[in-house]
Number of protein chains: 2
Amino acid sequence: MKKKSTIYDVAKIAGVSPSTISRVMNTPEIVAENTRQKVMNAVKELTFIPNMMAASMPRKRTNYIGLIIPDITNIFFSNLVRGVQDVCEKHGYSVLVVNSDDIQEKEGRYLKLLYSRRVDGVILTVAGYREEEFPKEELSLLKKMNIVLIDREINGMTTPIVKVNNFGGAYSAVKYLLTMGHKKIMYLAGIEGTKTNQEREKGYLAALKEAHINWKKELAADFRLDTAYQKIIQYWSQLKNSDKLPTAIFAANDLMAIGALKAFAQLKVRVPEDISIIGFDNISFSDCTYPPLTTIAQPTYLMGQKAVETLLKVIDKKKIKKSVELETELIERDSVSRWEV
Amino acid sequence: MKKKSTIYDVAKIAGVSPSTISRVMNTPEIVAENTRQKVMNAVKELTFIPNMMAASMPRKRTNYIGLIIPDITNIFFSNLVRGVQDVCEKHGYSVLVVNSDDIQEKEGRYLKLLYSRRVDGVILTVAGYREEEFPKEELSLLKKMNIVLIDREINGMTTPIVKVNNFGGAYSAVKYLLTMGHKKIMYLAGIEGTKTNQEREKGYLAALKEAHINWKKELAADFRLDTAYQKIIQYWSQLKNSDKLPTAIFAANDLMAIGALKAFAQLKVRVPEDISIIGFDNISFSDCTYPPLTTIAQPTYLMGQKAVETLLKVIDKKKIKKSVELETELIERDSVSRWEV
DNA sequence: TCGCTTTCTGATATCGATTTCATAGTAACA
DNA sequence: TGTTACTATGAAATCGATATCAGAAAGCGA
């Protein structure tokens, strides 16, 4: 590996001072045409590329932002990450992504890491599994950093947030099932501790209440495909042909809806003839399932973008809206059919 | 935002020199028990967390590594990323992930970015679309950095690489189709410029040759689901019932296999009754398709891990194997059936 | 008790940029 | 032509850690 050249090396070759090199690299317009030429030549000769790391010390900016998500492997989040990355790059920022696996303790550890790396700000999807109280140490870290929440709110906290109208989305999903004639609708729930799940649950209950429907049933899961798959298999095996079985399922996300689809394929329960399923998210595989999944679309990529835009304003101490709420959209495909009695 | 405390603040409170603070943070065992206590108290009082950014200057290590992949949104790569992240974290490294979108020009730009950030090393999936010659500027950057390739090789370059036995995997996929009685097997190709695609193609051809089968057909695509979907729709619409239609398809990756599945669903061509499909990768949705996809599994996560392990050795100038080649495994599911004549 | 280690700590230079301040040189104006 | 006002550049301090080197204090053997 060749030795890396510094601003001093360039200065020596160009016969000017290091300050001038810095000026040419950052504000070329303030240096005289012919010194600029000399410097550019020297830069080319050494193929000099400035050390951003070193620059961030006096600048007191690293131009990094941190992004904490549950799991990059989850296609919902990888989409969001891409939105974050693309906007960041446009503004000269780089993204440090870490996975909390929805575990609070990891979230805390990573927050500390991001702080020690002195990222300029953090976009945070709070972990789903957590104690009632926010740990003091983590809280003090949050106060020391520029934070924007994404996807999931924290109760009683005024941190800026970018999210989707979960209540509205869930409400319209269930409403849709109702208009299709379904009277027995089950909610396949996500991680209980997340505000996201709570809001979707409220939307589910609100729609039922409005339609004066008393039949309700929640199957507890955790947003994960395999868990949903197992829960469904288990529940249906126990209650074969019982009237406790719903005619439709509203899944708190597509991953679980797909898990359900997989379970029903194995159980030889036909979708949508025997049971209808609607998901939430519109992840990129939801049109490749069998049958293609009807779902509530979330603008995932856009959420990532908005979150960065908000964060950059926070960093630059500009005025911001405390909360950006994006709307969902019903995508009709083939996993829901009319239920005739 | 509270002011960030430095090693000097801690020193003042603890009544010792900054050097001692540094020692307590890095090599506590060499400082006397009771000064260590004093320092620890001061650290706690200020909730001091050292600035890694600043530390990396004299250390001449950033403890960052760069990871260039085509697209984080591609589930194949997001798995690999997770493998990279997990091992990195264990060794005190953080990962800076960027997306080349398989475009050489972006790859070059990001390489430069990573260099300017002075990452300790780079794990690189070379972009698929590129000119014949390796651009000089990019090449000189590669020489200045610690590089490990992953997934895709570069012709005529001795850079260490972690990959899978593509030839063998493809060969066994086609061999499997042959043993199932298929005689007309199409190859649904990935990006032509990638070594990965070339090797899989060779595996395909080798298996056919060995079986003395002359029927061959390649449908050019680009590893992407939508492209594969469109190509299939187009090809089948043109050649309805012609004997130019294969009885089985070997897709260069699962994403394209799933695109094909989607196309056939729409074309009312039954899988596997009318046509068999085998994929490559075993991405996490491949068991949720209809029918569940038979495929050649790649240890994606493991590849990420191995790449990091190799890279860390390169960074520490330890001896390494120039090339780590992992094996694939045939996963039999339901998208391939026996073909009886 | 003397001299020699060993243990522990502090002073200082350093990493590679930026930034402030000072100043030389030139232009502008009356 | 003298005063003022810019323009262009350099010198030096700074960011927050680490690392080297030197010296004080303590321990130990003879």
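This one's a predicted model, so the numbers in the text were calculated from it and none came from an experiment. Note on naming: letters A, B, ... go to the chains in the order of the sequence lines (proteins, then strands), and numbering restarts at 1 for each one.
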Quiz prompt | For atom OH of Tyr115(B) and atom P of dG16(C), their distance in whole Å | solution = 10 Å
Quiz item: For the base of dA11(C), is there a side-chain donor-acceptor partner from Ser19(B) under 3.5 Å away?
Solution: yes
Exercise. Classify the nucleic acid contact of Pro50(B) as base, sugar-phosphate or nothing, counting any heavy atom under 4.0 Å across all strands shown.
Key: sugar-phosphate
Self-check item: Any Lys60(A) side-chain nitrogen or oxygen under 4.0 Å from OP1 or OP2 of dT18(C)
Solution: no
Practice problem: Ignoring backbone atoms, test whether Ser22(A) places a side-chain nitrogen or oxygen under 4.0 Å from the OP1 or OP2 oxygen of dT18(C). | Solution: yes
Quiz item: Would you find a donor on one side and an acceptor on the other, under 3.5 Å apart, between the side chain of Asp102(B) and the backbone of Pro70(B)?
Solution: no
Quiz item: How close or far is atom P of dG10(D) from atom CD1 of Ile7(A), stated in whole angstroms?
Solution: 12 Å
Exercise. Flag the pair Arg36(B) / Arg23(B) as yes when at least one side-chain heavy-atom distance between them is below 4.5 Å, and no otherwise.
Key: no
Quiz item: Does Tyr64(B) have its ring centroid less than 6.0 Å away from the ring centroid of Tyr64(A)?
Solution: yes
Quiz item: What integer distance in Å separates Met53(B):CE from dC15(D):C1'?
Solution: 12 Å
Quiz item: Once you round it to whole Å, what is the distance between C1' of dA11(C) and CD1 of Ile21(B)?
Solution: 15 Å
Exercise. Could you say whether Asn26(A) or Arg59(B) is positioned toward the 5' end of DNA chain C, judged by the nucleotide with the nearest heavy atom to each?
Key: Arg59(B)
Exercise. Let me know, please, whether Ala54(A) or Tyr8(B) comes out on the 5' side of the other along DNA chain C by nearest nucleotide.
Key: Tyr8(B)
Quiz item: What string of B, S and - do you get for nucleotides 4-9 of chain D, 5' to 3', if B is base contact, S is sugar-phosphate-only contact and - is no contact with any protein heavy atom under 4.0 Å?
Solution: ----SB
Quiz item: Within this structure, what is the CE-to-P distance between Met57(B) and dT14(C), rounded to whole angstrom?
Solution: 13 Å
Practice problem: Say whether Asp86(A) and Tyr301(A), considering side chains only, have a donor N or O and an acceptor N or O under 3.5 Å apart. | Solution: yes
Quiz item: Tell me: NZ of Lys12(A) to C1' of dG10(D), nearest whole Å?
Solution: 16 Å
Self-check item: Between Thr47(B) and Lys144(A): side-chain donor-acceptor atoms closer than 3.5 Å
Solution: yes
Practice problem: Give the rounded distance in Å between these two atoms: CG of Leu46(B) and P of dG16(D). | Solution: 14 Å
Quiz prompt | Arg118(A) and Met52(B), any side-chain heavy atoms less than 4.5 Å apart | solution = no
Quiz item: Has the side chain of Ser56(A) got a donor or acceptor that lies under 3.5 Å from a partner of the other kind on the base of dA17(C)?
Solution: no
Exercise. Indicate whether the side chain of Ser94(B) and that of Arg117(A) have a donor and an acceptor atom separated by less than 3.5 Å.
Key: yes
Quiz item: Taking only N and O in the side chain of Asn51(B), is any of them less than 4.0 Å away from OP1 or OP2 of dC15(D)?
Solution: no
Quiz item: Over how many whole Å does the gap from Phe48(A) atom CZ to dG16(C) atom P extend?
Solution: 10 Å
